[in-house]
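Shown next, in structure tokens, is the structure this report addresses.
No hydrogens, no waters, no symmetry mates; every other heavy atom, side chains included, goes into these values.
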Amino acid sequence: MFMSTRRQHFEEPTLNRSLERGIEILRAFRPGADLLGNGEIAERTGLSRATVSRLTQTLVETGMLEHDRSLRAYRLAAPVLSFAHAMRAGSPVLNTVAPLMRALAEKLRINVGLAVPDRDEMVYLESVRYNRRVSLRNVVAGQRVPMELTSLGRAYLAVADEPRRRALMAQFRERRQSGWNQIRDEIRSAARSVAERGFCTASWQPEVVALATPIAVEDRPVYVLNASVTTKAGIAETESMLAGPLLQLSGNVKAALAALEIRKA
């Protein structure tokens, strides 16, 4: 559902509503849906079909969407991919952190990821896959995972400010319904684990155990690091293997990000 994030405050600039809605249309495209018609876009965004029709035409003219006339539907165009490449190639954070992640992944033959929150999901900024066994999951940069089910998301929720966390929990409760009580308790347990041990653990995919730790740096989004393996071992055994290296990596990343801030100043 389309929802404006504009805050009512006289000191903040007024958002351009057409641009905001156009971005919502681009957000409607997710993996598994190559083509979307105006009706599907309207349903996913909460915008009227008339608004969607007008904005999709504009997005085609500006090169952001391609129009399949025979199917009367739209797909993302190549420039959208080029934006992602420009972001990754030009990010000082990724350029600094990725080599540290890669070194740990290669040393232990594990998977290491870096993600940030986006609304009610986590988005991978980087994913280095060096698992000991072939996994069915092929996680890549840009991939989204559920916030409420994953170690990444639960580590973020552990340090999110209270208004944000409460709003997200309300969304999760509405979405999960019958299974909500167990998920809520697991999120609370993860928050206690982050506070007491610096990380939390989740296993939301079969035989995949992941540990995650949040990294809060002033004037930057909350980053979350995770380390995971495909294993038949229990959670306690996996934590014993991964917790130390993950927390050491987190310390190295924090130091590297602090050095970036010093150079920027």
Side-chain angles (χ1 to χ4, degrees), residues 93-94 96-117 121-141 143 145-160 165 168 182-217 220-259:
V93 170
L94 288 179
T96 300
V97 175
L100 301 175
M101 296 170 57
R102 191 170 297 109
L104 178 61
E106 291 176 345
K107 179 180 178 181
L108 299 184
R109 307 297 292 179
I110 62 174
N111 307 320
V112 180
L114 179 71
V116 291
E121 298 175 306
M122 300 299 291
V123 179
Y124 274 94
L125 297 178
E126 185 63 273
S127 177
V128 184
R129 316 297 291 180
Y130 279 103
N131 213 325
R132 298 171 182 175
R133 296 172 54 192
V134 176
S135 173
L136 295 177
R137 297 179 65 232
N138 184 24
V139 179
V140 296
Q143 186 163 330
V145 294
M147 185 179 287
E148 70 273 29
L149 300 181
T150 60
S151 63
L152 286 169
R154 292 172 180 179
Y156 165 71
L157 290 168
V159 297
R165 192 190 68 82
L168 286 166
Q182 179 179 345
I183 294 172
R184 178 200 60 204
D185 292 345
E186 290 174 353
I187 291 172
R188 290 174 177 173
S189 177
R192 290 193 296 270
S193 181
V194 169
E196 296 169 2
R197 302 191 292 171
F199 68 92
C200 64
T201 307
S203 180
W204 73 291
Q205 294 285 335
E207 298 186 4
V208 177
V209 179
L211 281 63
T213 183
I215 299 175
V217 179
R220 292 193 181 273
V222 175
Y223 299 103
V224 184
L225 277 169
N226 79 341
S228 68
V229 289
T230 302
T231 178
K232 293 184 180 295
I235 287 179
E237 184 179 344
T238 306
E239 287 179 344
S240 177
M241 178 181 70
L242 296 183
L246 177 65
L247 293 177
Q248 183 177 3
L249 174 62
S250 175
N252 293 340
V253 168
K254 289 176 183 177
L257 295 180

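- A donor-acceptor contact shorter than 3.5 Å links the side chain of Ser203 to the backbone of Val208.
- Side-chain contact between Met147 and Leu168 is present, with at least one heavy-atom pair separated by less than 4.5 Å.
- In this structure, CD1 in Ile235 is found 13.5 Å from OG in Ser240, a value given to the nearest 0.5 Å.
- Closest heavy-atom contact between Val128 and Arg102: CG1-CA, 4.1 Å.
- With values rounded to the nearest 0.5 angstrom, Leu242 atom CG is found 9.0 Å from Phe199 atom CZ.
- Rounding to the nearest 0.5 Å places CG of Leu211 at 7.5 Å from CZ of Arg197.
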Q | CA sep, side-chain torsions, deciding dist, call: Glu237, Thr231, side-chain contact (heavy atoms from CB on, under 4.5 Å) | A | CA-CA 10 Å; Glu237 184 179 344; Thr231 178; over 6 Å; no

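- Surrounding CD of Gln248 are at most 12 heavy atoms belonging to other residues, nucleotides or ligands under 6.0 Å away.
- Taking the side chain as every heavy atom from C-beta outward, Leu94 and Leu114 approach each other to under 4.5 Å.
- One distance of note links OG of Ser228 with CG of Leu246; it measures 10.5 Å at 0.5 Å rounding.
- The two residues Arg154 and Ala190 make their nearest non-hydrogen contact at CB-CB, 3.7 Å.
- The CD atom of Glu148 sits 8.5 Å away from atom CD of Glu121, with the distance rounded to the nearest 0.5 Å.
- The two atoms that bring Ser127 and Arg129 nearest to each other are OG-CD, 3.1 Å, heavy atoms only.
- Once rounded to the nearest 0.5 Å, the distance linking CH2 of Trp204 with CD of Glu186 reads 13.0 Å.
- Under the 3.5 Å distance criterion, the side-chain polar atoms of Thr238 are left unmatched by any main-chain donor or acceptor of Val209.
- Asn111 places a side-chain N or O within donor-acceptor distance of the main-chain N or O of Tyr130, the cut-off being under 3.5 Å.
- The minimum heavy-atom distance linking Leu249 with Leu104 is given by the pair CD2-CD2, 3.7 Å.
- Side chain of Ser151 to backbone of Thr201: no donor-acceptor contact under 3.5 angstrom is found.
- Between the side chain of Thr213 and the main chain of Leu225, no donor-acceptor pair closer than 3.5 Å is present.
- When all heavy atoms of Lys254 and Pro214 are compared, the pair lying nearest together is CE-O, 4.4 Å.
- Smallest separation of non-hydrogen atoms from Leu152 and Ala212: N-CB, 3.8 Å.
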Q: Run the numbers on Val97 and Glu126 for side-chain contact (heavy atoms from CB on, under 4.5 Å), then give the verdict.
A: CA-CA 9 Å; Val97 175; Glu126 185 63 273; over 6 Å; no

Q: Start with the C-alpha gap between Val253 and Tyr223, add the side-chain angles, then the distance that decides, and say whether side-chain contact (heavy atoms from CB on, under 4.5 Å) holds.
A: CA-CA 10 Å; Val253 168; Tyr223 299 103; over 6 Å; no

